[in-house]
Enquirer: 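Let me begin by handing over the structure; questions about it come next.
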2 protein chains.
Amino acid sequence: MNIPVEPSQNPPLEHDHKKCVSEALDTAEQLCVVRGVQLTPIRHQVLELIWASHKAVKAYELLDRIKPQMDAAKPATIYRALDFLIEQGLIHRVESLNAFVGCNCSAHQHEQLLLICNNCQDVEERSAPKVMQALALEIKQADFIVHSKAIEIQGVCAKCTKTISDQS
Amino acid sequence: MNIPVEPSQNPPLEHDHKKCVSEALDTAEQLCVVRGVQLTPIRHQVLELIWASHKAVKAYELLDRIKPQMDAAKPATIYRALDFLIEQGLIHRVESLNAFVGCNCSAHQHEQLLLICNNCQDVEERSAPKVMQALALEIKQADFIVHSKAIEIQGVCAKCTKTISDQS
DNA sequence: ATGATGAGTGTTATAATATAACACTCACTT
DNA sequence: AAGTGAGTGTTATATTATAACACTCATCAT
Ligand SMILES: [Zn+2]
Ligand SMILES: [Zn+2]
Ligand SMILES: [Zn+2]
Ligand SMILES: [Zn+2]
């Protein structure tokens, strides 16, 4: 039996992040057009701020960062934009951090494995098909109907492990 | 190849909950003695309150519930007890709910799959060895060092599905 | 054109969750 | 007797998130 190989969705250790951003924003714009939903200026701006890095970002950090450009911004401004972006699968909420991170697979199916680095705060998203398959089976055996999944691993990423071991 | 079968850790649909509670408290007391840590009256009481059901409980709900017996209780009282109980593996923090639930496998390894019912709020803990195995492999492939795992599935449990379909 | 509707936003207030900081007790050690 | 560390009491505050209501503007049916 052939399990289809998924394209790797891990950002390489060193990478052209401008490309990450422009791809994410392009994809978001296209998806919103196709779906007939509005990626308004506020929503676009919040998405862009989230994509400033691969780190998970807090809502109030976003609020602080958007204020220079939007003096009137209030918590509701941010939370509404976040709600929209999550609904559209353009970002993930990182439950174990109360924070948010851009989704690099927004065009495809969702609910991925998140590897969260406690050292550099980067979040790596992996589709982990074997895990998802085993999980689906386990859930079926429990007669459980799924609404949403959060699979979050905290620890130290490969890049940080390397950096730390280089120092010593 | 034989994968050892783990004892089922799912509370049966109808069950003797007093037994759940007394087993949990007995185990906790024994573990704390063995480990040389103190299950003080406050900690014991909080653990007991959490075990009042299989539902995830909020910290401030615990605070309200402990006040009749402990008028002086403050947020810190609860959060300190929760920190201790989590450290000792006697409860789990449910990240996606900011809530807490008793652990029914505190004597064994940790970080299990949590099935969280959005209808009745019950949390079922499953060891899901196949999932954990696939997950370990995936994490190894990513060169990631694990500190902690949160695997949380929200949806509707078997019991609620049955109840709802019986009504219609 | 008029009024109804719905999505998005502005604004104020407040709820819910969590931690910091410092003082005090008490058991145990030196 | 002084020193130490764990646990707790207490006050204050930080952080995260939502409720509620008003306003705008585009769309649509009458
Ligand atoms: Zn990037
Ligand atoms: Zn890292
Ligand atoms: Zn029970
Ligand atoms: Zn249920």
Side-chain angles (χ1 to χ4, degrees), chain A residues 28-29 32-33 35-47 49-50 55-67 69-88 90-101 116 121 150 152 154, chain B residues 28-29 31-33 35-47 49-50 55-88 90-101 116 121 150 152 154:
Chain A
E29 284 159 19
C32 287
V33 170
R35 294 173 182 169
V37 295
Q38 300 178 55
L39 190 61
T40 62
I42 291 178
R43 292 165 177 177
H44 191 280
Q45 220 169 342
V46 169
L47 183 59
L49 285 172
I50 289 174
K55 303 184 196 319
V57 196
K58 303 270 187 175
Y60 279 74
E61 282 175 29
L62 291 169
L63 184 53
D64 288 343
R65 291 193 204 160
I66 211 174
K67 270 184 179 158
Q69 308 156 63
M70 244 201 87
D71 199 44
K74 301 274 183 317
T77 316
I78 299 299
Y79 281 104
R80 283 167 180 161
L82 291 171
D83 287 347
F84 171 86
L85 296 170
I86 289 167
E87 255 172 36
Q88 297 301 321
L90 300 173
I91 62 172
H92 293 288
R93 183 182 155 84
V94 184
E95 300 290 353
S96 54
L97 296 177
N98 295 331
F100 306 86
V101 72
I116 304 158
Q121 280 73 57
E152 304 182 0
Q154 302 224 15
Chain B
E29 284 159 19
L31 280 177
C32 287
V33 170
R35 295 174 182 169
V37 295
Q38 301 179 54
L39 190 60
T40 62
I42 291 178
R43 292 165 177 177
H44 191 281
Q45 221 171 340
V46 170
L47 183 58
L49 285 172
I50 289 174
K55 301 184 197 321
V57 196
K58 302 270 187 176
Y60 279 73
E61 283 175 29
L62 291 169
L63 184 53
D64 289 343
R65 290 194 204 158
I66 211 173
K67 270 184 179 158
Q69 310 156 61
M70 245 200 87
D71 199 43
K74 300 275 182 318
T77 315
I78 299 297
Y79 281 104
R80 283 167 179 161
L82 291 172
D83 287 346
F84 171 86
L85 295 170
I86 289 168
E87 256 173 36
Q88 297 302 321
L90 300 172
I91 63 173
H92 292 288
R93 182 181 157 84
V94 184
E95 300 290 354
S96 54
L97 296 178
N98 295 331
F100 306 86
V101 72
I116 303 158
Q121 280 73 56
E152 305 183 359
Q154 303 224 14

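Every value quoted in this text rests on a predicted model; they were computed, and no experiment measured them. Chain letters run A, B, ... following the sequence lines, proteins first, then strands; residues in each count from 1.
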Enquirer: dA18(C) P sits how many Å from Leu62(B) CG, rounded?
Expert: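 From Leu62(B) CG to dA18(C) P: 11 Å.
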Enquirer: For DNA chain D, whose closest nucleotide is more 5', that of Ala73(B) or that of Ala76(A)?
Expert: Ala73(B)
Enquirer: Can you check the Asn98(B) CG to dA15(C) P distance for me, whole Å?
Expert: 18 Å
Enquirer: Just how far, in rounded Å, is C1' of dA14(D) from NZ of Lys74(B)?
Expert: 19 Å
Enquirer: When you measure from the side-chain N and O atoms of Lys58(A) to the phosphate of dT15(D), is any distance below 4.0 Å, counting only OP1 and OP2?
Expert: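 Result: no.
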Enquirer: Using OP1 and OP2 only, check whether a side-chain N or O of Arg43(B) sits under 4.0 Å from dG7(D).
Expert: yes
Enquirer: Quickly work out the Arg80(A) CZ to dG6(C) C1' distance and round it to whole Å.
Expert: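 Rounded to the whole Å, the gap is 14 Å.
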Enquirer: Within the pair Gln38(A) and dG8(C), is there a side-chain N or O less than 4.0 Å away from OP1 or OP2?
Expert: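 Checking Gln38(A) against dG8(C): at least one side-chain N or O falls below 4.0 Å of OP1 or OP2.
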Enquirer: Within this structure, what is the CD1-to-P distance between Ile78(A) and dT15(D), rounded to whole angstrom?
Expert: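 Rounded to whole Å, this separation is 16 Å.
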Enquirer: Return the minimal non-hydrogen interatomic distance between Ala81(A) and Val46(A), and the atom names on each side.
Expert: CB-CG2, 3.7 Å
Enquirer: Hey, is the side chain of Thr40(A) poking within less than 4.0 Å of OP1 or OP2 on dA7(C), counting only N and O atoms?
Expert: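 No.
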Enquirer: Expressed in angstrom and rounded to an integer, what is the separation of Met70(B) atom CE from dG9(D) atom P?
Expert: 5 Å
Enquirer: Any stacking of Tyr60(A) on dT16(D), going by centres under 5.5 angstrom and planes within less than 30 degrees?
Expert: yes
Enquirer: Taking CG from Leu63(A) and C1' from dT12(C), how many angstroms apart are they, rounded to a whole number?
Expert: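 Result: 15 Å.
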Enquirer: When the nearest nucleotide of DNA chain C is assigned to Ala72(A) and to Pro75(B) on a heavy-atom basis, which residue is associated with the more 5' position?
Expert: Ala72(A)
Enquirer: Would a distance-only check, ignoring hydrogens and angles, find a side-chain to backbone donor-acceptor pair under 3.5 Å from Glu152(B) to Glu95(B)?
Expert: yes
Enquirer: Quick one: Tyr79(A) OH to dT16(D) C1', roughly how many Å, whole number?
Expert: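 Atom-to-atom, Tyr79(A) to dT16(D), this comes out as 4 Å.
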Enquirer: Would you tell me if any nitrogen or oxygen in the side chain of Arg93(B) comes within less than 4.0 Å of OP1 or OP2 on dA18(C)?
Expert: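 For dA18(C), OP1/OP2 do have a side-chain N/O of Arg93(B) under 4.0 Å.
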Enquirer: Could you check which of dA18(C), dT10(D), dG10(C) has an atom nearest any side-chain atom of Ile42(A)?
Expert: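 Among the listed nucleotides, the one closest to the side chain of Ile42(A) is dG10(C).
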Enquirer: Taking all atoms of both residues into account, what is the closest heavy-atom pair of Lys58(B) and Leu97(B), and its distance?
Expert: NZ-O, 2.7 Å
Enquirer: Given dT9(C), is OP1 or OP2 found less than 4.0 Å from the side-chain N or O atoms of Thr77(A)?
Expert: no
Enquirer: Taking all heavy atoms of Lys55(B) and all of Val101(B), pick out the closest pair and write down the distance.
Expert: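 The answer is O-CG2, 3.9 Å.
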Enquirer: I'd like to know if the side chain of Gln45(A) and the backbone of Ile66(A) have a donor-acceptor N/O pair within less than 3.5 Å.
Expert: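 No, the answer is negative, given that no donor and acceptor are paired below the 3.5 Å cut-off.
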